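Input: a single structure, listed below in structure tokens.
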Amino acid sequence: MADLVLFSASEVVRNTIDAVLGRWHAIDAREELTPASEAELVIADLSEQEIGQSDVLETLGSAVRLLLIVDRTTPVPTSVREGRRLAVLRKPFDPFELRLKVDALLATPPSRTRGGRIHAARDDADMWLEFPYVPAPAGALLRRAAALDAPLWIMGEPGCGRRRVAAAVSLRHDPTYRFVTWYPDQSLEQVLETAAGESRYTLYVPDIDGRSIADQERLLAAVSDNGRFRLVVSSVYDPAAQAASGGFSRGLYHALTGLVVQLSPLRERPEAIAPLARMLTFSAARRLGYRDATYSEEGLARLRSYMWPGNLAELEAVINRTIVHIDRLGSDSLIIEADEVRLVADDPGGNDPREPVQRKGVSQEEASPQERFRRLFSAGLVSAQPEQQPRSEPSAEIDAEVLIASLAHEFGNPMVPIQTLASMLNQGESSEEEARILINAAGDACDRIGNTIKTLSAFASLETPTPSRIDLADLIRRGIELNSGNNDTPVRLLVDGPLAVVADPTHVEFAIGTLLDESFAELARAGTIEIRPTGDGTIEWMVSAGPTAVTHLGKWIGRGDRQMPWRVMLVRAVTMRNGGSLEMETAGSGTTFALTLPVKEGGGAHGKKTNRTHR
């Protein structure tokens with residue numbers, strides 16, 4: 001913890017800096033400029049008039065380290081030269097940029113005692129328990145869980161930083177604890193014997209779901225008999241199905257599920273990409289001799305447009321690869337452009353990974369992913385650059401970036417059991433029961449992928465709608481019969497007679513079937529679906545979670561229309577093309593859709609009159 005003195009006449013600036021830095025540093029906020037040579041760092045919020053006065057700079061010049069905060073348009077005198085002891089930060093500033101500047105100025109602190117080193121190490125580890133390294137809700141839960149001795153289960157895809165988070169929890173719990181890892185090629189007895197000399201320690205078990213039942217049972221016994229370690233485990237996903245079928249120790253499963261934290265993949269946290277990139281890039285650039293480093297807007301857009309299958313670990317690799325290939329002699333600050341971001345590794349054959357490779361018989365335009373995506377959705381419902389098309393209200397377009405990210409998530413998780421199955425069968429280490437469980441899981445994953453492709457193909461084949469008068473209630477009944485299959489979720493259609501609307505029957509059949517698929521998938525066979533008319537051309541579609549159901553639609557609360565599930569995006573697009581609308585509301589008890597279609601020729605959206613009853 002460093003002693004900081006802040007000079008600012010603005011209460012907003014004082015409160016902001018206290019909120020961002022107050023956790024790590026002692027801040028003495030003052031409104032008037034006075035000498036502050038006793039402080040390790042002085043932060044001065046100066047007006048354009050103040051920064052032009054020599055006596056002001058002379059007063060601040062006695063500071064050991066100085067951070068000047070000025071407005072975006074305020075000119076800085078040529079006499080003010082940034083370096084290791086002085087930096088300039090312009091308002092409005094990013095909180096992460098503020099932290100980076102302060103950390104850089106304090107990069108060579110005075111020597112500390114051992115206790116000081118432990119405190120500093122704990123502060124450094126704490127960043128792995130906060131946004132942007134982990135989602136904010138997960139970070140809050142991890143910081144509270146760190147205070148307990150109870151077992152902790154960290155779930156997340158490879159590359160999400162599970163081990164670093166586990167180590168940070170251990171350090172926050174007690175900095176004197178040794179962090180001991182039980183690797184798959186070791187026996188538990190070996191690990192416990194190695195740590196026998198420790199009075200207390202943290203035992204970290206990566207990929208607990210891949211351990212044998214015998215190892216899991218031995219671990220459960222050790223947790224019960226050995227009171228000297230705090231257990232932290234990790235896995236890619238929740239092996240609840242394995243535990244139910246006997247493929248995972250039920251006793252251990254129940255012991256571990258008291259504290260469970262899910263680390264979301266980076267593709268589901270686009271808001272974290274920019275601050276993560278700035279922080280990691282700044283650190284790497286400093287080691288290469290640059291005083292500062294940032295990205296142009298186009299450079300950040302390129303990072304946001306990538307799926308990040310390797311999550312945070314891949315982002316770190318891309319940043320290191322990008323920085324090391326940039327060589328700007330004599331440049332003090334670095335602004336990274338989009339064409340300098342190296343998302344893939346260098347080709348050993350000498351090709352630049354940023355340039356498309358020309359393949360025989362395929363033109364460069366045909367090889368473009370954007371062009372293939374445009375042709376796939378030839379119905380014209382994709383907005384290739386949604387950020388450049390501000391909308392005052394929803395349109396019939398689909399946000400391509402969100403759709404791609406959703407599909408990446410849809411395909412990413414089902415591949416885990418397939419990869420695990422292939423690995424275990426190849427090594428010949430799986431029992432007949434384990435193989436059966438994995439094969440069933442792989443079959444479910446393949447079905448999920450097949451259904452996704454089927455839905456996208458059906459959507460892409462829809463042509464310009466040809467409206468006609470149809471009975472919406474009859475189409476819903478037929479959709480329920482065709483799509484319910486073996487699903488145990490009860491569906492109630494509360495419609496007494498016909499419900500006449502004007503729309504393309506093929507489009508409406510697709511919308512009804514897709515919405516049923518989404519509803520069944522979200523309820524996981526526990527809950528109810530109730531469909532009833534609420535006004536001319538409007539039906540209310542309620543997906544209600546049962547007492548044991550876990551509906552995932554709740555995660556879309558407050559994210560806006562652009563972040564709704566991908567199937568719902570398709571249904572809304574089809575509905576709007578037919579002059580209707582689809583609204584979605586999520587509450588604790590479930591999710592409600594309000595689907596509206598015109599009830600007469602020429603009605604509907606796009607400024608035309610409808611007979612919809614507004615709710």
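Since we're looking at a predicted model, the values are computed, not measured.
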**Study point:** By ring pair (Phe, Tyr, Trp, His ring centres under 6.0 Å) - contacts of Trp308 (at least two apart)
**Key:** Tyr306
Please report the closest heavy-atom contact between [X] and [Y], naming both atoms and the distance.
{"X": "Arg304", "Y": "Ala274", "answer": "NH2-CB, 3.7 Å"}
{"X": "Ala138", "Y": "Gln262", "answer": "CB-O, 3.8 Å"}
{"X": "Ala146", "Y": "His173", "answer": "O-ND1, 2.6 Å"}
{"X": "Arg178", "Y": "Thr194", "answer": "NH1-O, 3.9 Å"}

Are [X] and [Y] packed together at the side-chain level, in the sense that at least one heavy-atom pair is separated by less than 4.5 angstrom?
{"X": "Phe229", "Y": "Val223", "result": "yes"}
{"X": "Val233", "Y": "Leu252", "result": "no"}
{"X": "Leu516", "Y": "Ile512", "result": "yes"}
{"X": "Arg302", "Y": "Leu343", "result": "yes"}
{"X": "Tyr237", "Y": "Gln242", "result": "yes"}
{"X": "Thr294", "Y": "Phe282", "result": "no"}
{"X": "Ile480", "Y": "Ile529", "result": "no"}
{"X": "Ser199", "Y": "Arg228", "result": "no"}

Check your understanding: Less than 4.0 Å between a side-chain N and a carboxylate O, is that true for Arg200 and Asp149?
Key -> yes
Review point. Only one of Val260, Ile208, Asp209, Val236 clears side chain to side chain contact (heavy atoms under 4.5 Å, CB included) with Met155; which?
Key: Val260
Review point. In Å, rounded to the nearest 0.5 Å, how long is the span from NE2 of His254 to OG of Ser249?
Key: 9.0 Å
Review point. Looking at CZ of Arg250 and OG of Ser245, how far apart are the two atoms once the value is rounded to the nearest 0.5 Å?
Key: 8.0 Å
Exercise for review: Tell me, yes or no, whether the heavy-atom count around Glu189 atom CD, taken from other residues, nucleotides or ligands under 6.0 Å, exceeds 12.
Suggested key: yes
Could you tell me whether the side chains of [X] and [Y] share a donor-acceptor contact shorter than 3.5 Å?
{"X": "Ser170", "Y": "Tyr201", "value": "no"}
{"X": "Tyr253", "Y": "Asp238", "value": "yes"}
{"X": "Trp153", "Y": "Thr257", "value": "no"}
{"X": "Trp566", "Y": "Thr452", "value": "no"}

Exercise for review: Under the side-chain contact (heavy atoms from CB on, under 4.5 Å) rule, what do Leu595 and Trp541 come out as? Steps first, then yes or no, please.
Suggested key: CA-CA 8 Å; Leu595 188 150; Trp541 185 300; 5.6 Å; no
